[in-house]
Every structure is written in structure tokens, then in C-alpha cells.
2 protein chains.
Amino acid sequence: MTDTDQPVPNRENSDKKLTPRQQQIFKNRQVMIVKKASKLFIKKGYSQTSMRDIANATGINLGNLYHYISGKEDILCIAFNNYHNLIMEFVIKNDILNIKEPKAKLKAVLRQSLEITYDFRNDLLMMYRETRVLPRKFLKIILKKEGEFVKLFEDIIAKGVESQAFKVSDPFFAANMLVFQISLYALRSWNLKQFTREEFLDMTEETILRAIIPDTL
Amino acid sequence: MTDTDQPVPNRENSDKKLTPRQQQIFKNRQVMIVKKASKLFIKKGYSQTSMRDIANATGINLGNLYHYISGKEDILCIAFNNYHNLIMEFVIKNDILNIKEPKAKLKAVLRQSLEITYDFRNDLLMMYRETRVLPRKFLKIILKKEGEFVKLFEDIIAKGVESQAFKVSDPFFAANMLVFQISLYALRSWNLKQFTREEFLDMTEETILRAIIPDTL
DNA sequence: ACTCAAAACAAACGTTTGTTTTATTATTAA
DNA sequence: TTAATAATAAAACAAACGTTTGTTTTGAGT
């Protein structure tokens, strides 16, 4: 569904003569930086996180940070990319997509998406909040990936409508609403802490399905 | 339902001897500042909007801004307050709340909330994005108001469940999901521009109601 | 005409920002 | 070993930030 991983646009692929070992170290450091920085972005927000904060958190010297990333925006771009690859892979990797029966298929994909989104709620919240900071070129890539995620559900729903297993007035709208509902906890956890993870997932799944599958009482 | 308008905490009520006319001018200026600043916050984000930007947009001298507001955060607080008062008043002012029949009541309140939220989508988006910047003390006030908005729907749903007009597993959860669904367009308009306002409102209303009212096919 | 406080203004304050540079030390490859 | 490379710490950089200052202009009340 997705073509080969597109490189983050900002990065200058400075692949000068590096031994494999060096490349490995370089990559590991970069991953570490992005991971720690993401945590800070989640906790304090992108603008409120300084490069000096990131240097402290990673233990890497401020000036030396710029050997691994080309700038602050770069870190955010990579973080967005990582998360989106993650969620798409998780959902797609299992053969759920080959399930024939519409209801079972929808339920399976939905449940998996719900669980992942719940566990990565902080990352998702950051993405909703900080999208504005992304460079234009990179924003397009992210929105395209998001569109593919919606399309995944749209297709499932459309097929189900054909076979009269589902009933919705517009599969594209239904898919958008569904994807949005999936992110309920990420965006409103402050008002939903009273539920356990399983309680919450069950109720959310039920509510979402009732809008698509008839006779779901 | 809400007590008398709470003053924004940051503001020092410098009600020294001012003629009514002067007070009027002062208030008008303040409203104007908040309005223009909100537009900037919506367009560029709070952190990315400088006091100099606001000075330019309002035509008020940078230093002089501080005669009307006590700081940048103050503007954001007032903006949050204004929006929340607005949406709560709009929803409550009409006597919809006195409708007896659960379905009709839910539909009426829901429709009105949907329309307002659609029209103020930009403000709502800003609130979701910039909540983090709010001072703790003020955040509590806002969350309380939000809670009241959810409670409004929770009560309606709970009553409907009693009379078996509605069927949901948990009225509190249902109300939260409903309020969240209302903000669909605000948070995902970039993927929903193909629909007209009325198309969108109709579909959203239908989808929301199907999760609450049985036999809504 | 005089008074005085509010309003307006430009300039500057002190910080913090992202980023670059420098000089020194440690690590690694040939 | 030796020469290149990477890592460190510290300082420097220009730009931008929110806020305050000192001074001037304005306008209504006496």
C-alpha cells in the first residue's frame, strides 16, 4: 500500500565514506535523539522545548546534536514519520486484511487500531497539537499517509455496504468519523480516566460499530 | 447552570476613577485586542504569534498594549473564556432544555451545538491545540466549564435511557463521545472540505444519534 | 488657561532562542 | 605509531522574545 519509506525531506543524506559500524552508531544515536526529544515535545510542547533541553535529556552536547540532526524541525519531522509508519504497519502487517466477512474484518482492524492508538495516545496528541509547525513539504507527506489510513476503512465499509452487511449514507464520511472516534482517548483522556483500558476500548468499539452495522444493540 | 461570569484570574481590576465613557472605550479596545489576537493565534499558533504581531494587527503600540491587557497569557485566557461562554450560552439560552420528549430534546440541543461548533471551528481547534499554554489556575476553570457541557448531554441521555427511548451502556461515556464527535469538523476539516455545511451537519447528526437511539436506520 | 491622568510612542531591557564556532581531548583506522 | 576523525565543553552569534521604561501627546474637567 505504501511505497518504500520516503526519506525525511529536510535531511541531507550526508553519506560520506562511513564504515557500516559508523553508520550503525550514527543511526542509533539519531533514533535515540528523536525518541527522547519526542518525550519532551509530548510533555512540554514543541515550542517550549529548547535544543538545550534535548541536549540535557540525551546527554549529547548541544553543538554535537547538529552532527546527527540538521535542526529542531528535523526531529519533529522524523518523529511524525516514525509514528505514522508504526501505526500503519501494525494495522496492516497481520493478515486481517484478507478476512472476507465484512463485519469480522471491520471489527478486527478496528480493534487493533483502537489498541495501538490507546497505547500511543501521547504521540497522537502531540501530532494533533504540533502539526502546524511542520514544514509544508513534510506536512503533505503526513497528510497523504493519514489519507491512506482513512481509505483503509473506507474500502472496508464500502464493501460491507455493497453486501448489505453495513448501512451508512457515505462510506468516506463514515471512515473519517471512525478514524476520528478512534482518537477519542488521546484527545480527551483528562475526562475519561475513570475507565480501565479494556472498559474504554470495549465501549468505544461498540459505539463506533453501532453507527455502521445495523441491529447492533 | 453557570454562576455569574468569573473574571479572568490574571487581570488586575484596575477600576480606578474612570468615567463610564472611558470604561467603555477601555473595554472595547480590550475586546478588539483579544479578537484580533485570537485570529493570529488561530492562523499561526500561540507561541508563534509575538506581541509585536498583535501590536501590528491592532494598530496599538507595543508598549501600550500592556495598558489593556496584563500580558500575552492574559489574551489567551480571555479568548478561551469568551468562546466557552459563547457556546454554553448559545446552547442553553433557548428553552430547548424544557422539551420533555427525550429524542426531540437531544436532537434539538445536538443540532444547535453542531451548528455553533461548525461555525467556530477555528476557535475550537485553537483551544484543543493551545490548552497546554494556559496557566494552571485558569485551566481548571475551563475544564470545569467543559465538564458542564458534557454533563448537559449526560443528563439528557440518562433520562432517555430511563424511559427506554435511548440505549447506551454508559451515559457518561456516551456524552463524552458525543461532545467529541461534535468537534469532528474543527479537528479534521482538512479532510472533509468536500462536503457542504448542511451535508456535513446532517451526516454528523445522523451518525451520532445512531449510537444512542435504537432503530435509527 | 491650567491641571493631571490616561494614552501613545520609540527605545531599550534582560532573556532565551536555534545555530555555529573554537579549542581541547578521546577514539579509531591505516 | 600516526594521522584522521569524533566527542566534548564552552563560548559566541544574531535574532527574536515578552516586558518595562522615560518621555511626549492628548483631551476632559476645573
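In what follows, every chain begins at residue 1, and chains take the letters A, B, ... in the order their sequences are listed. None of these values were measured; they are calculated from a predicted model.
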Rounded interatomic separation in angstrom, taking NZ from B:Lys27 and P from C:dA7 | 14 Å

Salt-bridge present (A:Glu198, A:Arg111; N to O < 4.0 Å) | yes

The nucleotide from C:dA8, C:dG18, D:dT19 with an atom nearest the side chain of B:His67 is C:dA8

Check: A:Phe173 ring centre within less than 6.0 Å of B:Phe200 ring centre = yes

Please tell me which of B:Asn61 and A:Tyr46 maps to the more 5' nucleotide of DNA chain C, matching each residue to the nucleotide holding its nearest heavy atom.
-> B:Asn61

Round to a whole Å and report the spacing from CD of B:Glu73 to C1' of D:dC17.
-> 14 Å

Between P of D:dA15 and CE of B:Met51, the distance in whole Å | 23 Å

For B:Ser47, which contact category applies under a 4.0 Å heavy-atom criterion: base, sugar-phosphate, or nothing?
-> nothing

Length of the CD-C1' vector between B:Gln48 and D:dA15, whole Å | 16 Å

Gap between atoms CG and C1', on B:Asp74 and D:dT19 respectively (whole Å) = 14 Å

Between C1' of D:dG18 and CG of B:Leu62, the distance in whole Å = 8 Å

Measure from CG on B:Asn28 to P on C:dA7 and round the result to the nearest Å.
-> 13 Å

Does D:dA7 have OP1 or OP2 sitting under 4.0 Å from an N or O in the side chain of A:Tyr68?
-> yes

Exercise: do B:Arg188 and A:Tyr128 side chains pair donor with acceptor under 3.5 Å | yes

Residue met sooner reading DNA chain C from 5', once B:Ile60 and A:Arg52 are mapped to nucleotides = B:Ile60

Could you tell me the separation between the CG atom of B:Asn64 and the C1' atom of C:dA12, rounded to a whole number of Å?
-> 17 Å

Can you find a side-chain donor-acceptor pair between B:Gln48 and A:Ser47 that sits under 3.5 Å?
-> yes

